Protein chains: 2
Amino acid sequence: MQFNEAKNKFVQTWGALGSQWGINKTMAQIHALLMISNEPVSMEDIMEELQISRGNASMNIRALMDWGIVYKEYKAGERREFFTAEKDLDELAVKISRERSKREIKPALKVLKEVSSIEANQTEEERHFVAQTTKLYDFVLKADNVLDKITEYKDNWLTKLVVKIMK
Amino acid sequence: MQFNEAKNKFVQTWGALGSQWGINKTMAQIHALLMISNEPVSMEDIMEELQISRGNASMNIRALMDWGIVYKEYKAGERREFFTAEKDLDELAVKISRERSKREIKPALKVLKEVSSIEANQTEEERHFVAQTTKLYDFVLKADNVLDKITEYKDNWLTKLVVKIMK
DNA sequence: TTAAACTTTCAAAAAAAAATGAAAGTTAAT
DNA sequence: ATTAACTTTCATTTTTTTTTGAAAGTTTAA
């Protein structure tokens with residue numbers, strides 16, 4: 001396989017994986033592109049490489065920066081902006097975990113707490129609802145905390161986790 | 001909050017959470033509905049409760065069964081089919097992990113292995129590509145293995161994990 | 001201060017994903 | 001073997017999500 005073919009395949013695959021996990025394809029592709037680039041890339045180059053419009057590029061780069069996994073860089077004597085991705089994978093995974101927890105898990109937990117706290121003990125149906133949503137709340141809360149603890153190790157959290165599990 | 005309001009809120013929230021993680025809304029909503037139901041539910045009832053068409057209900061129930069988290073049940077003397085969800089949360093999480101690993105992670109790993117194995121050491125750009133995709137392959141493989149190990153505990157894996165991490 | 005070089009925004013268009021519903025298929029009781 | 005009761009399929013429609021591109025906004029150099 002040639003370099004260009006491999007590069008393209010990687011970008012496409014990362015994009016598809018993103019979609020499957022609820023991240024828009026272009027956003028994942030831009031991230032892929034920056035991940036494998038050894039130097040900062042301009043918006044122009046991203047547009048060119050992925051064949052996307054300026055608006056699309058701008059919005060998705062912004063989204064990646066909001067996630068904290070892409071950084072803006074300036075080159076001396078250059079007017080335009082360049083972008084780089086967080087290349088440390090431990091750090092990348094930590095940031096993605098934290099964001100998803102904040103944006104999606106925490107709000108869901110809030111709702112689970114609410115709905116599991118209703119006064120409803122009249123019917124078997126209602127009792128089951130409360131029991132099940134309570135279990136779910138406990139489970140999700142615990143999972144969220146575990147994730148938090150794991151990613152607190154920061155450097156090499158994955159390796160440290162492997163060690164803990166194997167012992 | 002009333003029971004019906006809470007039930008509705010839970011179903012909507014579970015549906016939204018599904019979307020954010022790449023699972024179609026209706027599929028997640030059907031799952032939510034079955035999770036909180038204390039007895040098997042007919043397709044008719046699912047359609048009625050979620051206000052969806054027969055085709056939509058049928059296809060998404062099928063998808064949930066393919067995931068192994070919803071089961072078909074027969075009631076004595078009843079012609080039509082009823083459905084129940086896997087209600088054990090440890091088991092549910094294990095099944096979802098296994099499926100996502102099989103469907104998404106494993107194929108991605110295959111591609112990562114391919115693209116990181118190209119003979120490309122001419123330019124700095126090519127060397128960086130190989131280095132980065134190799135790191136990514138190692139990382140994803142390790143993460144996938146960790147997930148596998150954790151879910152092998154089966155019963156109470158989450159609690160057991162908490163214990164391991166705290167020690 | 002002007003203007004050129006660049007970025008962002010957002011209404012409209014396009015593309016992708018999901019839902020519908022009627023026809024085809026299946027099952028099981030008589 | 002027939003038919004009523006039910007489920008599945010899939011071409012078409014609808015909805016949702018994503019993308020475009022032109023106008024507005026911003027920044028910096030002269």
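These values consider heavy atoms only, across backbone and side chains, with no hydrogens, waters or symmetry-generated copies. Computed from a predicted model, the values in this text were never measured in an experiment. Lettering follows sequence order; numbering is per chain, from 1.
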Nucleotide nearest A/Ser53 when distance is taken to its side chain, options D/dG21, D/dT8, C/dT9: D/dG21
Interatomic distance where CD belongs to B/Glu44 and P belongs to D/dC6 [whole Å]: 8 Å
Listed nucleotide nearest any side-chain atom of A/Met59, set C/dA28, D/dT8, C/dC10: C/dC10
Separation of atom CD1 in B/Ile46 from atom C1' in D/dC6, rounded to whole Å: 15 Å
Closest listed nucleotide, where the reference is the side chain of A/Lys72 and the choices are D/dT8, C/dT20, C/dT8: C/dT8
B/Ile52 CD1 - D/dT15 C1' separation (whole Å): 15 Å
Interatomic distance, A/Gln51 CD vs C/dA15 P [rounded to whole Å]: 14 Å
Toward the 5' end of DNA chain C, by each residue's nearest nucleotide, B/Met27 or A/Met43: A/Met43
Value in whole Å for how far the P atom of D/dT9 lies from CG of B/Asp66: 10 Å
B/Lys135 side chain to B/Ser116 side chain, donor-acceptor N/O pair below 3.5 angstrom: no
Whole-Å distance separating the CD atom of A/Glu78 from the P atom of C/dT7: 10 Å
Donor-acceptor side-chain pairing of A/Thr151 and A/Lys95 below 3.5 angstrom: no
Listed nucleotide nearest any side-chain atom of B/Glu81, set D/dT18, D/dT7, D/dT20: D/dT7
Integer-rounded Å distance: D/dT28 P and A/Lys75 NZ: 18 Å
DNA chain D: 5'-proximal contact among A/Ala57 and A/Tyr74 (nearest heavy atom): A/Ala57
Plane angle bin for B/Phe139 and A/Trp157 - parallel if under 30°, tilted between 30 and 60°, otherwise perpendicular: perpendicular
Among C/dA19, C/dC6, D/dT19, the nucleotide that comes nearest once only the side chain of A/Asn24 is considered: D/dT19
Selection from C/dT8, D/dT20, D/dT9 that lies nearest to any side-chain heavy atom of A/Asn56: D/dT20
N or O in side chain of A/Thr26 less than 4.0 angstrom from D/dT18 OP1/OP2: no
Pair B/Asp144-B/Ser101, side-chain hydrogen bond (donor to acceptor under 3.5 Å, both in side chains): steps then yes or no: CA-CA 7 Å; B/Asp144 192 49; B/Ser101 169; 2.9 Å; yes
Spacing between B/Leu50 atom CG and C/dA19 atom C1', to the nearest angstrom: 13 Å
A/Arg79, nearest nucleotide to its side chain (from C/dT27, D/dT19, D/dT28): D/dT28
Between A/Glu104 and B/Trp21: side-chain donor-acceptor atoms closer than 3.5 Å: yes
